Amino acid sequence: NWVTENDEENRCTAFQLLADIALVEDNKEDLVTTYTGMLECNPENTLLHYSRGYYRSEAGQYNEALEDFQAVLKDSDMNPILMATHNRMGWVYLQMKEHDKAIMAVGETLAINVLNAQAYYMQGLIYLDQGLTQKGCEALRKAVIYDLKGEERADAIQKAKEICEMELD
């Protein structure tokens, strides 16, 4: 931390190293601080805005995360980062119980790629949170069919089995 405060020449490199440490330690607050420092070094970097927004959302800093995601949407034209941003915004709005905004956000992803499994997974979570079981189950089914990966796939399959009484795998 001394370097980030006192050594202008190595400051940006130090923030990158601190980010690596915070990632290993899974420290969301330190990641937010570190990405903030990295953005001071490179304010136009949309991937840094996305990363800080992601970790802000993980740390429960939802409004601040949305600000970062808006910066990404304003400055990026890369479909993969746009889809990831819209999906994460959907997750943030879900945490905030702003279901209409959440559905709109993941809808933006589906407007870019109608086969985006992550968007269907998010849609399923949102609908289930609203008590719209049939719509939620259908979205989870699509997520699995469109090859959702990892823990989210396992979660979608489990929810489909328990809530929807569907066997998806």
Side-chain angles (χ1 to χ4, degrees), residues 1 4 12 15-113 116-132 135-136 139-140 142-144 146-159:
N1 285 333
T4 63
C12 295
F15 279 123
Q16 292 172 335
L17 294 171
L18 289 170
D20 290 343
I21 293 167
L23 279 169
V24 169
E25 294 175 349
D26 196 29
N27 187 323
K28 310 297 191 276
E29 289 80 13
D30 282 355
L31 283 162
V32 170
T33 301
T34 304
Y35 278 108
T36 298
M38 291 168 73
L39 276 163
E40 290 171 6
C41 297
N42 193 357
E44 303 302 315
N45 187 316
T46 55
L47 294 176
L48 291 176
H49 276 284
Y50 176 83
S51 296
R52 183 175 69 177
Y54 178 88
Y55 289 111
R56 280 178 161 175
S57 70
E58 287 288 305
Q61 301 171 10
Y62 301 131
N63 290 318
E64 295 85 352
L66 290 170
E67 289 174 14
D68 278 323
F69 295 144
Q70 289 297 334
V72 172
L73 296 178
K74 179 178 155 271
D75 295 334
S76 181
D77 60 357
M78 297 183 309
N79 282 344
I81 190 73
L82 293 174
M83 289 186 295
T85 301
H86 285 300
N87 283 337
R88 194 63 189 180
M89 289 175 76
W91 184 87
V92 168
Y93 284 127
L94 173 60
Q95 304 314 302
M96 298 170 73
K97 300 295 186 194
E98 294 187 33
H99 297 108
D100 291 342
K101 289 180 180 179
I103 289 294
M104 285 178 49
V106 296
E108 291 292 327
T109 296
L110 294 171
I112 296 168
N113 178 358
N116 187 282
Q118 179 72 33
Y120 285 111
Y121 173 68
M122 288 305 311
Q123 211 177 45
L125 296 180
I126 296 161
Y127 286 138
L128 290 175
D129 196 62
Q130 288 179 289
L132 302 172
K135 286 178 117 176
L140 291 177
K142 286 181 181 179
V144 172
Y146 296 144
D147 206 22
L148 187 65
K149 302 281 188 209
E151 292 176 18
E152 292 171 339
R153 180 181 182 84
D155 183 58
I157 290 169
Q158 180 182 355
K159 281 181 175 33

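Note that the structure is predicted; figures quoted are calculated from it, not measured.
When the shell of 6.0 Å around CE of Met96 is examined, it contains more than 12 heavy atoms from other residues, nucleotides or ligands. Heavy-atom neighbours of Lys28 NZ from other residues, nucleotides or ligands within 6.0 Å: above the threshold of 12.
Interatomic distance, CD of Glu98 versus CE of Met89, reported as 10.5 Å (0.5 Å rounding). Put simply, CD1 on Ile21 and OG1 on Thr34 are 8.5 Å apart, with the number rounded to the nearest 0.5 Å. Going from atom OG of Ser57 over to atom CD of Glu64 covers 11.0 Å, rounded to the nearest 0.5 Å. If you take CG on Leu125 and CD on Gln130, they are separated by 11.5 Å, rounding to the nearest 0.5 Å. The CG atom of Asn79 sits 11.0 Å away from the OG1 atom of Thr85 when rounded to the nearest 0.5 Å. Taking CG of Leu47 as the start and CE of Met38 as the end, the distance is 10.0 Å to the nearest 0.5 Å.
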| message | The test is side-chain contact (heavy atoms from CB on, under 4.5 Å); show your working for Glu108 and Leu82 and say whether it passes. | response | CA-CA 9 Å; Glu108 291 292 327; Leu82 293 174; over 6 Å; no
| task | Determine, stepwise, if the pair Asp155 / Lys159 fulfils side-chain contact (heavy atoms from CB on, under 4.5 Å). | result | CA-CA 6 Å; Asp155 183 58; Lys159 281 181 175 33; 2.9 Å; yes
| task | Let me see the working for Gln61 and Val32 under side-chain contact (heavy atoms from CB on, under 4.5 Å), right down to the final yes or no. | result | CA-CA 10 Å; Gln61 301 171 10; Val32 170; 3.8 Å; yes
| field | Tyr121/Leu140 under side-chain contact (heavy atoms from CB on, under 4.5 Å): CA gap, chis, key distance, verdict | value | CA-CA 5 Å; Tyr121 173 68; Leu140 291 177; 3.9 Å; yes
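Residues Thr46 and Asp75 bring no donor and acceptor atom of their side chains to less than 3.5 Å of each other.
Asp30 pairs by the side chain to side chain donor-acceptor pair (under 3.5 Å) definition with Asn27, not counting sequence neighbours. By the side-chain contact (heavy atoms from CB on, under 4.5 Å) test, Ala117 is found to be paired with Tyr146, Leu148, residues two or more places apart in sequence or in another chain being considered.
Listed by first and then second residue, the salt bridge (Lys or Arg N to Asp or Glu O under 4.0 Å) pairs involving residues 45-57 are Arg52-Asp68, Arg56-Asp68 (not counting sequence neighbours).
Side-chain contact between Thr109 and Gln118: absent, with no pair of heavy atoms (C-beta onward) separated by less than 4.5 Å.
Residue Val72 comes nearest to Tyr50 through the heavy atom pair CG2-N, 3.5 Å, listed as atom of the first residue, atom of the second, then distance. When all heavy atoms of Arg153 and Val144 are compared, the closest pair comes out as NH1-O, 3.2 Å. Here the closest non-hydrogen pair linking Ile126 and Ala102 is CD1-CB, 3.4 Å. Summarising the geometry of Tyr93 relative to Leu66, their closest heavy-atom pair is CE2-CD1, 3.6 Å, with the distance given to 0.1 Å. Minimum heavy-atom separation, Gly90 to Ala105: N-CB, 3.6 Å. Of all heavy-atom pairs between Met122 and Leu94, the closest is CE-CD2, 4.4 Å.
Aromatic ring orientation, Trp91 versus Tyr62: perpendicular (interplanar angle above 60°, classes split at 30° and 60°).
Side-chain atoms of Ser76 do not come within 3.5 Å of backbone N or O of Leu73 as any donor-acceptor pair. For His49 (side chain) and Pro43 (main-chain N/O), a donor-acceptor pair under 3.5 Å exists by modelled atom type.
A salt bridge links Glu58 to Arg88: one of the charged nitrogens lies within less than 4.0 Å of a carboxylate oxygen.
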